[in-house]
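Here is how names work: the chains are called A, B, and so on, in the same order as the sequence lines, proteins then strands, and each is numbered from 1.
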Number of protein chains: 2
Amino acid sequence: MGHGNSEGTTLRSDVGAATAADAGFTAAATPAGELSAGMTAWKQRYPDLAACPIRTVLDRLGDKWSTLIVITLAGRPHRFGELRRALPDISQRMLTQTLRELQRDGLIGRTVFPTTPPSVEYALTPLGTTLLGPLRELVRWADANQPAVEEARRAFDGRLAA
Amino acid sequence: MGHGNSEGTTLRSDVGAATAADAGFTAAATPAGELSAGMTAWKQRYPDLAACPIRTVLDRLGDKWSTLIVITLAGRPHRFGELRRALPDISQRMLTQTLRELQRDGLIGRTVFPTTPPSVEYALTPLGTTLLGPLRELVRWADANQPAVEEARRAFDGRLAA
DNA sequence: CAGCATCCACTGTGATACTG
DNA sequence: CAGTATCACAGTGGATGCTG
């Protein structure tokens with residue numbers, strides 16, 4: 001895989017040093033500033049942080065299969081059985097359940113062909129497709145930095161043992 | 001919050017239509033193609049999909065607090081008590097536990113000041129800071145599309161009741 | 001083929017109480 | 001202040017068997 005670069009990652013050295021004073025200009029320019037400002041805004045809009053957009057999205061992406069299913073469907077629509085074969089270690093129960101959740105959230109569509117035996121096709125909706133952009137950034141990061149994360153884990157665990 | 005646009009989302013109409021034939025050129029250009037190709041590559045590199053980079057990253061981001069903590073630290077370093085106040089409904093246990101995980105993954109650093117009483121400061125590491133870029137994209141998507149997702153949910157639930 | 005129902009184990013999460 | 005330890009519980013995920 002050759003896309004493990006860090007292109008697109010706006011890394012600036014002033015990240016931890018920006019004060020509230022220059023937030024008007026800097027905040028929107030750096031990821032750190034924008035995220036920090038957004039966080040502040042959420043805490044005023046949402047009584048409990050549990051309802052903020054981050055949760056709405058990540059509670060889904062964070063489960064065991066949703067993201068892998070979305071990525072699989074990014075290539076082309078799949079039938080139920082195809083998905084099952086594409087995700088070898090998923091149980092039928094979790095596949096059905098996760099597909100329902102994704103459908104409920106409007107990210108994927110379900111089309112039934114009333115043949116015998118019946119066949120059902122799942123595909124990304126336009127909304128689901130717009131998620132692929134942000135998702136790709138995250139996947140790139142994961143792909144590029146997995147070695148660093150794993151080394152950090154080894155170092156951390158090693159320090160405990162010593 | 002004024003950044004709820006869809007800027008940066010490379011949405012193309014050929015998403016579901018790309019075949020393997022033009023993958024050499026198209027695949028790397030669209031999020032769908034790149035994700036799809038990456039998925040194929042993982043399945044060869046990782047015996048079980050459970051070990052793929054997506055999991056390594058999302059298992060962490062997907063838990064209840066990690067992302068909120070990272071975003072909070074994006075602004076500036078925080079002490080333990082500060083974090084607790086910044087995340088009103090987090091329990092002490094989960095704060096400690098999540099901070100340890102993030103530290104283990106090398107995303108945040110922990111600095112102890114041996115004063116009395118002791119104080120401990122948490123801050124993003126350089127590695128953790130590079131995550132802010134991808135994370136921002138995801139947060140933008142969440143922020144922009146939360147209404148659409150919630151409407152889809154209502155529509156789905158309504159259809160069941162009818 | 002696609003999917004539902006049931007039972008069960010594990011893990012994540014939280015409340016509470018205690019400590020250097 | 002910044003934790004650790006213990007207990008209890010709910011949600012998630014998996015195995016199996018059955019159905020239109």
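- With hydrogens and angles ignored, the 3.5 Å screen pairs no side-chain donor or acceptor of B:D143 with any backbone N or O of B:V139.
- Between the CZ atom of A:R60 and the C1' atom of D:dG13 there is a distance of 14 Å, rounded to whole Å.
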Protein within reach of the bases, or only the backbone? For nucleotides 15-20 of chain D, mark each nucleotide 5' to 3' as B, S or -, using heavy atoms under 4.0 Å. B-B--B
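- Within a 6.0 Å radius of CD in A:E151, no more than 12 heavy atoms belonging to other residues, nucleotides or ligands are found.
- In this structure, A:R140 pairs ionically with B:E34, as a charged nitrogen and a carboxylate oxygen lie closer than 4.0 Å.
- Using a distance-only test at 3.5 Å, with no hydrogens or angles considered, a donor-acceptor pair links the side chain of B:T40 to the main chain of B:S36.
- Between B:E121 and B:R76, the closest side-chain pair of non-hydrogen atoms is not below 4.5 Å.
- Contacts of A:R79 with the nucleic acid, taken as non-hydrogen atoms under 4.0 Å apart, involve only primed sugar atoms and P, OP1 or OP2.
- Using a 4.0 Å cut-off, some side-chain N or O of B:R110 falls inside it from OP1 or OP2 of D:dG3.
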Identify all side-chain donor-acceptor contacts of residues 56-69 of chain B below 3.5 Å with residues at least two apart in sequence or on another chain.
| residue | atom | partner | partner atom | Å |
| --- | --- | --- | --- | --- |
| B:T56 | OG1 | A:Q146 | NE2 | 2.8 |
| B:T56 | OG1 | B:C52 | O | 3.4 |
| B:R60 | NE | B:D105 | OD2 | 2.9 |
| B:R60 | NH1 | B:D63 | OD2 | 3.4 |
| B:D63 | OD1 | B:W65 | N | 3.2 |
| B:D63 | OD1 | B:S66 | N | 2.9 |
| B:D63 | OD1 | B:S66 | OG | 2.9 |
| B:D63 | OD2 | B:S66 | OG | 2.8 |
| B:S66 | OG | B:R60 | O | 3.3 |
| B:T67 | OG1 | B:L61 | O | 3.1 |

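- Each of B:F80 and A:W65 has a nearest nucleotide on DNA chain D; the 5'-most of these lies closest to B:F80.
- Residue B:F113 is classed as having no contact, given no heavy-atom separation below 4.0 Å to the nucleic acid.
- Rounding to whole angstrom units, CG of residue A:D63 and P of D:dG14 are separated by 11 Å.
- When the C1' atom of D:dT4 is taken as reference, atom CG of B:L95 falls 14 Å away, rounded to whole Å.
- Nucleotides of DNA chain C with any atom under 4.0 Å from a heavy atom of chain A span, from 5' to 3', C:dC1 to C:dT6.
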